[in-house]
Colleague: 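My questions all concern the structure below.
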Amino acid sequence: MKNSTAIACLIAVGLGIVAVTGAALAMSAGRPSSDVQPGKDRYACFDPAQVRSFDTVSDHKIIITSDRNEAYELSLTGMCFGLQSSFGIGIQSRMGGMSDICGPFDGEIVFRDHGSDRIERCAISQVRHLTGEEAAPYVVKRKSERAN
């Protein structure tokens, strides 16, 4: 009887830990994080899985737009020849899994030059969150911001 009571208590405690951990993870899954340092842009990071579009500025710079309607300017190392003629890109985190990309060398752009079978890779050297007038051409205006 003691063993079954002790096992039941351990199971209850284990389930409680799992429930608390699950709730904490669910609360932390919504970005951006609230523990951002003062003066830092709380939207400076993006999830590569939530990128919905991209615009190529040059062979070393692109603008991506996330599912959260946020625009980011990504600077790339060197010249990524063929990026401007590419029909699509992939964004891969170097941290593995589904890690956010926040800064230098957290990820890379993967693309295929139009007319070539070779896959090219360019490291992301800088991430800059665009706001206001800089972001306007890339983000969808909310109804409250549209002119009637």
Side-chain angles (χ1 to χ4, degrees), residues 9-148:
C9 286
L10 288 174
I11 290 172
V13 169
L15 290 175
I17 290 172
V18 169
V20 169
T21 304
L25 286 173
M27 288 175 19
S28 69
R31 283 185 252 328
S33 172
S34 60
D35 60 347
V36 175
Q37 298 172 4
K40 290 278 189 175
D41 183 359
R42 65 185 299 199
Y43 294 98
C45 301
F46 71 92
D47 182 346
Q50 293 185 357
V51 173
R52 73 166 183 243
S53 66
F54 76 100
D55 288 287
T56 306
V57 177
S58 67
D59 279 329
H60 64 276
K61 195 169 284 194
I62 65 172
I63 308 292
I64 57 113
T65 307
S66 74
D67 285 343
R68 291 187 344 230
N69 204 30
E70 297 289 333
Y72 300 86
E73 179 185 82
L74 307 180
S75 297
L76 309 172
T77 56
M79 298 295 282
C80 299
F81 294 110
L83 183 60
Q84 287 185 302
S85 63
S86 179
F87 291 117
I89 64 168
I91 302 177
Q92 200 168 38
S93 172
R94 288 188 168 178
M95 302 303 176
M98 296 183 30
S99 297
D100 285 357
I101 296 176
C102 302
F105 309 104
D106 282 355
E108 61 187 2
I109 302 298
V110 181
F111 65 96
R112 186 179 311 227
D113 185 6
H114 179 68
S116 171
D117 288 335
R118 204 169 97 204
I119 294 177
E120 303 289 336
R121 296 176 181 277
C122 293
I124 298 170
S125 60
Q126 182 180 358
V127 176
R128 190 169 69 90
H129 177 236
L130 303 180
T131 58
E133 294 298 316
E134 281 186 306
Y138 307 104
V139 297
V140 177
K141 288 188 177 182
R142 293 172 182 89
K143 285 183 180 180
S144 62
E145 297 171 347
R146 291 184 199 146
N148 290 330

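This is a predicted model, so every value here is computed, not measured.
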Colleague: Would you please test R128 and L130 for side chain to side chain contact (heavy atoms under 4.5 Å, CB included) and show each step?
Modeller: CA-CA 6 Å; R128 190 169 69 90; L130 303 180; 3.4 Å; yes
Colleague: Minimum heavy-atom separation for R94 to A123, with atom names?
Modeller: NH2-CB, 3.4 Å
Colleague: For the atom pair CD (E73) and CD1 (I64), what is the distance rounded to the nearest 0.5 Å?
Modeller: 11.0 Å
Colleague: Search all heavy atoms of F111 against all heavy atoms of G88 and return the closest pair with its distance.
Modeller: CB-O, 3.7 Å
Colleague: Examine distances only and state if a side-chain atom of N69 and a backbone atom of V140 form a donor-acceptor pair shorter than 3.5 Å.
Modeller: yes
Colleague: Would you confirm whether T65, through its side chain, and R52, through its main-chain N or O, come within 3.5 Å as a donor-acceptor pair?
Modeller: no
Colleague: Distance from Q84 atom CD to M79 atom CE, nearest 0.5 Å?
Modeller: 8.0 Å
Colleague: Answer whether the closest heavy-atom distance between the side chains of I91 and F46 falls below 4.5 Å.
Modeller: yes
Colleague: Closest approach of P48 and S93, non-hydrogen atoms and distance?
Modeller: CG-CB, 4.5 Å
Colleague: Could you pull out all residues at least two apart from S66 that satisfy side chain to side chain contact (heavy atoms under 4.5 Å, CB included)?
Modeller: R68, E70, Y72
Colleague: What's the shortest heavy-atom distance between S125 and T77, and which atoms?
Modeller: CB-CG2, 3.8 Å
Colleague: What is the distance from atom CD1 of I101 to atom CD1 of I124, rounded to the nearest 0.5 Å?
Modeller: 4.0 Å
Colleague: For R112, is there any backbone N or O sitting under 3.5 Å from a side-chain donor or acceptor partner on S86?
Modeller: yes
Colleague: Between D100 (side chain only) and C102 (backbone N and O only), is there a donor and an acceptor less than 3.5 Å apart?
Modeller: no
Colleague: Identify, with sequence neighbours excluded, every residue that meets side chain to side chain contact (heavy atoms under 4.5 Å, CB included) alongside R121.
Modeller: Q92, E108, V110
Colleague: To the nearest 0.5 Å, what is the distance between CD1 on I89 and SG on C122?
Modeller: 10.5 Å
Colleague: Once rounded to the nearest 0.5 Å, what's the spacing between atom CG of D67 and atom CG of D47?
Modeller: 9.0 Å
Colleague: How far apart are the closest heavy atoms of L83 and D59, and which atoms are they?
Modeller: N-OD1, 3.7 Å
Colleague: For the NZ atom of K61 and the OG1 atom of T56, what is their distance to the nearest 0.5 Å?
Modeller: 13.0 Å
